Amino acid sequence: MPFDEDIFAYVTGPVATGTIGANNTTFTLISVTAWSDNVTVYIDHWENGYGYDENDPDGPGTDEKFSLNSSQTFNFNSLAVPRPRTGADGNTYIGAAGNCNGQAVPVGATALIRRTPNYCYDGRDRIITIGGATTVTAAVTSTPRAPGSSPPLAKRSSPWPLS
Amino acid sequence: MIRYRLPFGENAASADYQRIMALVQATEDNTILQIDFNGDGVFDAFNTENGYRTPRVNPVDATTLTLQRGETYVLDRDSQTVGGTLNAGTVILGSKTLQVEYFYGQAGSNYNTRAVSAFPDGFWGKGQTEMSIGRLPVATSAELAEVIRKIKVREAALEANEPWVRSTLLVADDIQNSRRLVLSACTRDNRPDVRLFDRGERMPSAHDHRAAQRPC
């Protein structure tokens with residue numbers, strides 16, 4: 001997923017009529033739709049470092065695993081992603097203060113692997129799909145909604161091969 | 001290598017494009033980012049501060065920035081000169097795969113913002129070789145191993161951005177004028193260095209260039 005929520009605030013700030021505060025949280029929604037049956041979806045959260053191993057996809061580095069059928073959509077959403085997301089260097093995860101504790105799985109989904117419910121569904125997460133094509137989109141807005149008229153932002157993720 | 005070219009800019013004189021940013025995200029560790037702001041083929045120095053944690057300040061910092069997987073550089077009007085503009089034709093070059101999103105909108109507007117996923121040059125099959133085809137002029141497996149070794153050395157030098165790998169030396173023999181033409185083309189500053197050498201005159205060797213710390 002492209003860029004984290006701090007960057008969302010940075011890029012939308014200049015075009016907003018209001019001010020997005022340094023601690024404004026965001027509502028982030030990541031939507032995954034499968035084009036065929038039996039598509040496996042792995043979520044690799046960035047908060048604990050990228051751990052997904054394509055040679056051991058169900059191994060200890062995998063954070064979450066789901067299965068989707070044709071036209072089925074799972075909405076991975078976090079209602080209040082804490083900010084800031086990173087430390088002073090702008091890249092290192094801030095730690096537990098940035099967690100989204102007790103995240104629910106998407107409606108209709110059963111997690112095949114879920115090692116923790118406490119990481120946000122947010123920018124910089126990696127989503128790996130196996131077994132068929134998927135469409136992945138994301139939308140972000142600051143919360144509380146619209147300080148002034150700060151805009152929401154939708155983004156579509158482009159696939160890249162694993163390396 | 002992967003290259004993006006910004007298709008629109010703040011110089012468009014349109015309210016919809018008053019503020020433009022390119023969100024450049026690495027998908028692999030040790031990805032080297034370079035930027036050519038006016039598309040003239042020369043990669044420019046830019047402000048490498050992230051902007052949202054550390055404000056960008058002049059003078060500019062470097063001509064390259066190394067990103068780790070997941071890290072993002074926000075290319076905007078403050079990247080080249082604080083308070084400048086980000087114009088169409090800006091080239092973004094990565095040593096490895098980059099994910100780029102373009103964000104644009106009207107300053108102080110009511111929801112006039114958009115974000116689109118960018119596609120690199122050659123994504124649709126033009127402007128970039130899709131498959132490299134060539135032959136290695138070797139006669140034995142030992143020669144083949146040596147050529148492959150040299151290719152790997154050069155690729156590693158490219159990754160490390162070593163100056164010697166940007167040099168090209170072309171030699172041509174001019175029989176009619178009894179002179180030997182040597183074209184030493186240095187791509188580092190994009191200015192070919194053409195020199196004529198008389199027959200019998202000693203030409204500088206690659207060793208001489210290295211000893212002089214010259215790229216070509």
Side-chain angles (χ1 to χ4, degrees), chain A residues 1-20 22 44-47 49-52 83-94 122-126 135-141 146 148-163, chain B residues 2 4 10 15-31 48-56 65-78 94 96-120 123:
Chain A
M1 300 311 301
F3 60 89
D4 65 40
E5 278 60 18
D6 288 339
I7 296 177
F8 159 79
Y10 176 68
V11 300
T12 53
V15 296
T17 55
T19 300
I20 302 175
D44 189 6
H45 291 284
W46 72 283
E47 290 96 325
Y50 295 119
Y52 174 82
R83 290 184 50 245
R85 306 296 293 145
T86 56
D89 65 356
N91 277 307
T92 304
Y93 184 53
I94 196 171
D122 59 348
R124 293 181 69 163
D125 285 349
R126 284 206 310 163
T135 297
V136 178
T137 59
V140 188
T141 187
S149 294
S150 67
L153 187 64
K155 53 189 179 182
R156 182 176 61 82
S157 186
S158 301
W160 295 108
L162 286 172
S163 58
Chain B
I2 190 167
Y4 293 82
E10 294 174 339
D16 292 336
Y17 297 96
Q18 280 184 344
R19 290 302 301 266
I20 293 174
M21 302 184 190
L23 312 178
V24 183
Q25 187 176 36
T27 65
E28 298 179 53
D29 289 339
N30 300 313
T31 300
T48 58
E49 298 92 351
N50 59 48
Y52 51 95
R53 281 281 175 274
T54 306
R56 289 175 175 163
L65 176 65
T66 300
L67 297 172
Q68 307 305 320
R69 173 186 281 178
E71 292 182 356
T72 300
Y73 179 75
V74 180
L75 175 63
D76 67 3
R77 59 171 54 182
D78 293 333
K96 301 175 183 177
T97 300
L98 293 172
Q99 175 170 258
V100 176
E101 293 261 329
Y102 297 140
F103 172 85
Y104 55 102
Q106 181 179 5
S109 65
N110 290 315
Y111 309 111
N112 187 5
T113 56
R114 295 166 184 84
V116 295
S117 297
F119 294 97
F123 187 87

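Numbered from 1 within each chain, the chains take letters A, B, ... in sequence-line order. Everything quoted here is computed from the prediction, not taken from an experiment.
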Distance-minimising heavy-atom pair for B/Tyr52 and A/Asn91:
OH-OD1, 4.4 Å
Once you round to the nearest 0.5 Å, how far does CE of B/Met21 lie from CZ of A/Phe3?
11.0 Å
Measuring from B/Gln25:CD to A/Ile7:CD1, what's the distance to the nearest 0.5 Å?
7.5 Å
Which atom pair, heavy atoms only, marks the closest approach of A/Arg124 to B/Arg69?
NH2-O, 4.4 Å
Those residues at least two apart in sequence (or on a different chain) that pass side chain to side chain contact (heavy atoms under 4.5 Å, CB included) with B/Arg56 are A/Tyr10, B/Asn47, B/Glu49, B/Tyr73, B/Val74, B/Asp76, B/Asp78, B/Ser79, B/Val82
Any sub-3.5 Å donor-acceptor pair from B/Arg53's side-chain atoms to A/Thr86's backbone N or O?
yes
Side chain to side chain donor-acceptor pair (under 3.5 Å) partners for A/Tyr93, two or more places apart
A/Asn99
Look up atom CG in B/Asn50 and atom CG in A/Asp89, then write down how far apart they are to the nearest 0.5 Å.
7.5 Å
In this structure, CD of B/Glu71 is separated from CH2 of A/Trp46 (nearest 0.5 Å) by 10.0 Å
Per-residue contact mode, A/Asp125 against chain B (heavy atom under 4.5 angstrom):
neither
